[in-house]
Structure formats: structure tokens, C-alpha cells
Colleague: 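Next up is a structure, given as C-alpha cells.
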Amino acid sequence: MKMSIQQLFRPDVMAMQAYHVADASGYIKLDAMENPYTLPDALRAELGRTLADVALNRYPDPHGGGLKPALKAAFAIPAAADVILGNGSDEIITLITQALARPDAVVLAAEPSFVMYKLNAQFSRMRYVGVPLQADFSLDLPAMLAAIAEHQPAVVFVSYPNNPTGPRFARADVEAILDAAPGLVVVDEAYQAFADDSFMALAGSHERLIVMRTLSKLGLAGLRLGYAAAAPQLIAQLDKVRPPYNINVLTQAAAAFALRHLAVFSAQAAELRAERAGLAATLGAMPQLTVFPSEANFLTVRVPDAPALFAALKQAGILVKNLHGYHALLDNCLRLTVGSPDENRALVAAITTYFA
Ligand code: PMP
């Protein structure tokens, strides 16, 4: 007797919706915090030659080839820290929750924040505790500390800056969480290239801190390379649940190549920061919009009717993220990825037309 699909799969998985990625073909794509720029021509040719030499017949180096020392040098990762690589930082979130998932272990995060914290808690059958942010998207520190004291989380995830809201939390608030947390604290610095602060200098010396980053927002989302830095005794445990060949040979080679040309990507990030400031000023001058401060490569805005503006932008060929419905604090909010100057002009023009 065969088992039915319902008998086979976990009820909570049966009840889930798959992570939805909108079909963006033909749109100006401002929905997923990607860098709008492709590689300059000279670099493309050089990358092509580099990848042609990769041994596709061999399994990848399980430790990332020379990538870890290259990352340490490029991103000022302290000597005291070890590094783990993930197939995107998404995978590192999964490794952390898998490794911590004792019965009744708790994952705690502010809400709204990156959805994968909660989803991975569920995948690993951990208990998830979400603590609402304040209306201005700052941390509610007393509520966070009370929840930490009550639930004794195995891990607290802090998105710094926070997706999908934009602001970076006050450093002192995150430090207070680090002091209070009984377990691990993951400071997720996915948007670090656009931010004014980092906890990386503490990685390795603070015994419960994991600083997680990604190359995705820097212009390499397609590579799928995330990394985390922490004390060696933490990385050693995470490494045990990591699939041995999780970083493929093309990613290893292309990431090493990108790090040798980091200046190109850093210049693009600087340009996007400047674009962000211009876009924030222009949109902020529109009386119908509230623009939240952002240290990421997106701006979260509140409008009178987010679903209607989302639809109008889509009609105009621009895809953004409609946050309405995700969380009460995101009522009538849209998340606008900062694009190229042309893309941002098109966005402003479409919003202006909509409100005219
Ligand atoms: N953390 C945060 C806060 C994010 O917003 C994202 C991507 N949206 C990620 C992690 C995952 O990024 P990746 O898997 O591309 O490294």
C-alpha cells in the first residue's frame, strides 16, 4: 500500500506556499536588491578565460579553495575568526538552524525582518519568536530583551541593516542584544556594502557572535556565495552540517576573480549609495510618500495604496516588491531596489504619473 502525498509529507510543509519569485522578464527589475550593473567588457573576457581553466570534472575543494583567505583579506575579517562559506547566505542560515535544532530550541528575530529566519526555524522544527519593531522600524529594545530573557533563544538573527525595512538598527541596541543573549547572535550584514557600520571587527573575539555577509548585493547575486565569520569553535560545529561540496567550482573561481577586482564592485556600490540618496530626496519630496531611511540598496516607502501603486508600476514595466500584507507594520509599503540612474528616473517618472 503506497502512502498518499498527505501521509508522506509534513503537514506544515503541505500547508506552505513555495517561496514566490516573480517572473521579471521584460520588466525594469527593482524587486530583489540586485546590483543593476553587469561586468565591464574587459573583465568579462578575463572572467571567461579564468572559468575556461576550471576543472569541471573534479569535485570542488571542500574548503573553498583559496577563497577564505581572499575574503579575509578583502573584507577585513579578523585573524581570530574562522570563515564558513555558503551557497548564498541563505544556506548559512539553514546550517545554523540545523546545527542548533534541539527539541524546543528557539530562534528569535525582530519582525518584520528577513523571512528566511522564520522559515528555517520551521524547517528545522525550532520554535520561532518574532518581536515587533517600532513603527519607525527601529528595534523595540525593551521588548527584545524581555523576549530574550523569557525564551532563552539558541540564536537571535539581527539583519543589520534590516530587510525589508531599510534602516540599520542602533549599534548600541545590537550590543545590548549581544550582551543579553544566552546563545548565538547572528548579525546579518547582507547590505554591508551600502551601510555605515559593521560588527565584523568583533568576529572571532566575541564568543557567541556570527557575522554573516554575502556577495549577492555587491553585484554577484547569481554566484550564490555567502560567508560567515565567527570564533573557530563555532565555525567547527557549523562545518559539520555543511554539505561537503556546497560551493561549486565555477563559483569558487568566479568569486576569487571578483575579489581580485573588488574595486570595480566597490565603485558600483558607492554609485548606488549616491543614487539612493538622490532617489530618497526626490521621492521624499512627494507629499503622498513616506520614505524610510535606508542603509541598504533599497528604499522602503509608505504610500496611500501600495497594491494600486504596485500594479500601476507593473503596468509601466517596473517590477518592485509589494510588502503590503506581510506584516501589520508594512501596511501600504513598497520596497524599491535602487537601480541604475536610468532605472531610477523611470521609476520616479512612473510614480509621478501615478500621483498626477
Ligand atoms: N540576509 C538578508 C537580510 C537578505 O535580505 C538576503 C537576501 N535577500 C539574504 C540574507 C540572502 O542572500 P543570499 O542568499 O543571496 O546571500
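Keep in mind that this is a model prediction, so the values were computed, not measured. All values below come from the heavy atoms of this structure, side chains included, with hydrogens, waters and symmetry mates left out. All ligand and atom numbering here is 1-based and tracks the order in the structure.
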Colleague: Side chain, backbone, both or neither: which applies to R224 and ligand 1 if a contact is any heavy-atom pair less than 4.0 Å apart?
Modeller: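 Just the side chain.
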Colleague: Side chain, backbone, both or neither: which applies to M212 and ligand 1 if a contact is any heavy-atom pair less than 4.0 Å apart?
Modeller: neither
Colleague: Where do I235 and A228 come nearest, in terms of heavy atoms and distance?
Modeller: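 Scanning both residues completely, I find the closest heavy atoms to be CD1-O, 3.9 Å.
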Colleague: So does G86 get a backbone contact from the side chain of R242, meaning a donor-acceptor N/O pair under 3.5 Å?
Modeller: no
Colleague: Does this structure show an ion pair linking D90 with R224, if we count only N-O contacts that are shorter than 4.0 Å?
Modeller: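 A salt bridge is present here (some side-chain N lies under 4.0 Å from a carboxylate O).
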Colleague: We want to know whether Y354 and Q288 form a side-chain donor-acceptor pair, criterion being a heavy-atom distance below 3.5 angstrom.
Modeller: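 There is no such pair between these side chains.
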Colleague: Quick check: does D188 get an N/O under 3.5 Å from an N/O on ligand 1?
Modeller: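 Yes, D188 has an N/O under 3.5 Å of an N/O on ligand 1.
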Colleague: Which residues, ordered by chain and number, are linked to Y245 in its hydrophobic cluster, where ILVMFWY side chains connect at heavy-atom gaps below 4.5 Å, directly or through other members?
Modeller: Y59
Colleague: Out of Y227, F157, F114, who is nearest to atom 6 (C) of ligand 1 when you count heavy atoms only?
Modeller: F114
Colleague: Closer than 4.0 Å to some heavy atom of G88 - which atoms of ligand 1 meet that?
Modeller: 14 (O), 16 (O)
Colleague: Atoms of ligand 1 less than 4.0 Å from S216 heavy atoms?
Modeller: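 By the 4.0 Å cutoff, the relevant atoms are 13 (P), 15 (O), 16 (O).
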Colleague: May I ask you to check whether F257 and H261 place their ring centres under 6.0 Å from each other?
Modeller: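 That pair passes the under 6.0 Å test.
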Colleague: For ligand 1, is there an atom lying under 4.0 Å from some heavy atom of S89?
Modeller: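 S89: in contact with ligand 1 (<4.0 Å).
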Colleague: Does ligand 1 have an atom under 4.0 Å from some heavy atom of K217?
Modeller: yes
Colleague: Given F298, Y191, Y160, identify the one with the heavy atom nearest to atom 5 (O) of ligand 1.
Modeller: Y191
Colleague: Identify whether NZ of Lys or CZ of Arg in R171 sits under 6.0 Å from the centre of the six-membered ring of F199 and within 45° of that ring's axis.
Modeller: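 Yes, R171 sits over the ring of F199.
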Colleague: Applying a strict 4.0 Å limit to heavy atoms, is S159 in contact with ligand 1?
Modeller: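 It does; at least one heavy atom falls under 4.0 Å.
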Colleague: Provide the number and element of each atom of ligand 1 under 4.0 Å from a heavy atom of T214.
Modeller: 13 (P), 15 (O), 16 (O)
Colleague: With R345, which residues qualify under salt bridge (charged side-chain N to carboxylate O under 4.0 Å, His left out), at least two apart?
Modeller: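 For R345, the residues satisfying salt bridge (charged side-chain N to carboxylate O under 4.0 Å, His left out) (neighbours in sequence not counted) are D342.
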Colleague: Evaluate Y117 for polar contact with ligand 1, using N/O atom pairs at a separation under 3.5 Å.
Modeller: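 No: no nitrogen or oxygen of Y117 is under 3.5 Å from one in ligand 1.
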